[in-house]
Structures are given as C-alpha cells and as structure tokens.
Amino acid sequence: PVLNNVTFSGNRASQSGGAVWLARTNLRLLNSTLAANTAAIDGGAMTIDGRIGEGGPIQHIANTTFHGNRALAGPGGAIHNPTSSLEFLQIFINNSTFSDNDATGPGEVLAITAENGFIDTRAEFRNVIIWENGPAPNAPIEAIISAAPGATITVDRAVVQAACPYCTNTTSASPLLGPLGNSGGAVPTRVPGTGSPAIDTGDGETCTAPTRFVNGVDARGVSRPQGPQCDLGAVEVVGGATPPPDPIFVNGFEAPPPG
C-alpha cells in the first residue's frame, strides 16, 4: 500500500501494531505522522509481519514523524518487523523524525526480530532525527534500533542521541525540536528550532533521488533545500527560524505580483 499525507493518532491495538498492522507486503509511508498510538504487545505505531505471506517486502518511509508511540509488552516502540530467514527484508527510512517512542522490549524506534534467530535484512536511516526515545535515550544504539543477527543497519546523516559507533556523519547535539503541532501542511510535525544541528546538514541526493521518495519536499510540501543543504528530519526549516510561514504562502498562493 501507499500511505501519503495521513495522520494516525491516539489509536490502540489489543495485540500488535497500534495504528498499522500489515502482513509481508511492500509499503510506502510518505509525508505522514504517527503519534500517541499504543499496542498492548509490540509495534507501538506499526507492525509489519514478515512471517505471513510470500516474498521479501520493501518498506519506504519518508518525510514521516513518529512521536509518542508505545509498545507495552514487546519490541518496537515505533516499528516492529517480525521476520523469518525465508525473506530478504529491506527498510529505507529517509528524512523522518523519531521522538519520545518507547517499548518494553528492545528497539524504542525499530525492532527487527527473527523467529529462528538469524535473518538477511537491510535497514537504512538517512537524513533522520532520532531523539529522546525510551526511558534511557542516551543508551547504546542497540536499545534504540534493535536487529536480529544477520541484519545490516546503516545510519548516515542524522541527529542521534544514543551512542552509535557505526553511525556516520551524525551528531548528538540537541535538534531543538518544537512541540508536535500544526506548522503548515496536512499533518502535525515537530520543527527544529533556530540553530538546530539538523538544519542544512542533510544529504542532497537523499532529498532528491526518486528512489528515496523524499522528492525534494518536506512533510508539508515545502521545497528542499531552503538553504545550502536540505535539513534532517521530516521538516525543512524556512528562513532558519521557527515557526515556518502559513501554508498558504508556503505553496505560493496569494504571492505578491512580480516587479
């Protein structure tokens, strides 16, 4: 399925996937927000079960905010991918923001688990903000992004609060995120404040390459970049200040005549 410009907020599941539960399937989750969802077991916002069905799924998540989701008795505060050795799972997460997600089990942001203990999986995080997830947000990255043996995890161009020896081009300085709210566009977002290390530090190819599904805009439709480089996370800051302008003017409507 393709989910674009949607908000899942305040949903509860009696088992897995507080807002979304899918069986082994391809997914594009774009320009969306999943906030304050709760699963009684695993996958506070979303569970994609790779043990059911056929084929190796590919998941693309771009310009999306995961905030305040809870897995009460299992892994994956934001996302859980239970898998088996029979599939090759690929997860590409670009220009997205993860904040205040929590799980009783491993993986406050993402948990990839395997029923037989070993999997062939690739997960990439690029141009992301991962901040204040779990009760110990400064814990090693394995507590925030948890994967069964055999998985390859990449985190590049990111604000990451957790200690992360394998991450590249990252900072642990605060992204100065504003509260979740209406900053223009179709979904609520968290906007980095003035002076945030998330501003102008993103990878340009990630923001523009068709295969990354960021498509040169942020979650609100604001063009990227607004400065010399695109920003990290789901929001592109306009003019280096917070909050961004009204969405009417973001989209160019009622702009003054030239000349």
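One hydrophobic cluster, built from ILVMFWY side chains closer than 4.5 Å, cannot hold both V238 and V217; they sit in different ones. There is no path of hydrophobic side-chain contacts, each under 4.5 Å, that joins L30 to V20. Note on V187 and L180: separate hydrophobic clusters, where clusters join Ile, Leu, Val, Met, Phe, Trp and Tyr whose side-chain heavy atoms are under 4.5 Å apart, directly or indirectly. Linking ILVMFWY side-chain heavy atoms closer than 4.5 Å, directly or via other members, places V214 and I130 in two distinct hydrophobic clusters. Taken together through direct or relayed side-chain contacts under 4.5 Å among Ile, Leu, Val, Met, Phe, Trp and Tyr, I93 and I153 form part of one hydrophobic cluster.
T47 contributes atom OG1, which lies 9.5 Å from atom CD1 of I79 (distance to the nearest 0.5 angstrom). For the atom pair OG1 (T7) and CG (L3), the distance works out to 11.5 Å, reported to the nearest 0.5 Å. Interatomic distance, CZ of R126 versus CG of N95, reported as 11.5 Å (0.5 Å rounding). Interatomic distance, T194 OG1 to I199 CD1, rounded to the nearest 0.5 Å: 6.5 Å. Note that CZ of F92 is 6.0 Å distant from NE2 of H60, once rounded to the nearest 0.5 Å. Summarising the geometry, atom CD1 belonging to I41 is positioned 5.0 Å from atom OG belonging to S16; distances are rounded to the nearest 0.5 Å.
A donor-acceptor contact shorter than 3.5 Å links the side chain of N101 to the backbone of F66. Judged by distance alone, with hydrogens and angles left aside, the side-chain atoms of D231 form a donor-acceptor pair with the main-chain N or O of V237 at under 3.5 Å. Under the 3.5 Å distance criterion, the side-chain polar atoms of S96 are matched with a main-chain donor or acceptor of T64. Remark: the backbone N or O of E236 is paired with a side-chain donor or acceptor of D218 at under 3.5 angstrom. The closest donor-acceptor contact from the side chain of T97 to the backbone of A234 lies under 3.5 Å. Between the side chain of N133 and the backbone N or O of E108, no donor-acceptor pair lies under 3.5 Å. Remark: the backbone N or O of A173 is paired with a side-chain donor or acceptor of T171 at under 3.5 angstrom. A donor-acceptor distance shorter than 3.5 angstrom exists from the side chain of N69 to the backbone of L34, with no hydrogens or angles considered. Distance alone, capped at 3.5 Å, is enough to place a donor-acceptor pair between the N37 side chain and the F8 backbone. Between the side chain of S32 and the main chain of V6, a donor-acceptor pair closer than 3.5 Å is present.
When side chains are defined from C-beta on, R122 does not count as touching T154, because their heavy atoms never get closer than 4.5 Å. Residues R220 and V235 are in side-chain contact: their nearest non-hydrogen atoms beyond the backbone lie under 4.5 Å apart. Using a 4.5 Å heavy-atom cutoff, the side chains of R224 and N63 are in contact. In this structure the side chain of L110 never reaches within 4.5 angstrom of the side chain of I144, judged on heavy atoms.
Ion pairing between R212 and E124 holds under the 4.0 Å rule for side-chain N and carboxylate O.
Shortest non-hydrogen contact noted between T189 and A219 is CG2-CB, 4.1 Å. Closest non-hydrogen pair, P135 versus D102, comes out as CD-OD1, 3.3 Å. Of all heavy-atom pairs between A39 and G17, the closest is CB-N, 3.9 Å. Between D203 and N127, the closest heavy-atom pair is N-OD1, 2.9 Å. Residues S146 and G107 share a closest heavy-atom pair of CB-N, 3.7 Å. Residue G77 comes nearest to A103 through the heavy atom pair N-CB, 3.3 Å, listed as atom of the first residue, atom of the second, then distance.
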### Query
Going through the distances and angles, do W21 and M46 end up as a side-chain contact (heavy atoms from CB on, under 4.5 Å)?
CA-CA 6 Å; W21 184 94; M46 181 168 66; over 6 Å; no
### Message
One pair to check against side-chain contact (heavy atoms from CB on, under 4.5 Å): E132 and S99. What are the steps and the verdict?
### Response
CA-CA 6 Å; E132 292 185 338; S99 59; 5.6 Å; no
#### Entry: Derivation of the side chain to side chain donor-acceptor pair (under 3.5 Å) call for N94 and T206
CA-CA 7 Å; N94 300 301; T206 299; 4.9 Å; no
### Task
Determine, stepwise, if the pair I145 / F125 fulfils side-chain contact (heavy atoms from CB on, under 4.5 Å).
CA-CA 10 Å; I145 302 172; F125 292 77; 3.7 Å; yes
### Task
May I have the step-by-step check of side-chain contact (heavy atoms from CB on, under 4.5 Å) for T33 and R190, ending in yes or no?
CA-CA 10 Å; T33 292; R190 299 193 69 184; over 6 Å; no
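Cluster note: V159 groups with I129, W131, L177, L232 through ILVMFWY side-chain heavy atoms spaced under 4.5 Å, whether in direct contact or through intervening members.
Atom CD of E205 is surrounded by 12 or fewer heavy atoms from other residues, nucleotides or ligands within 6.0 Å.
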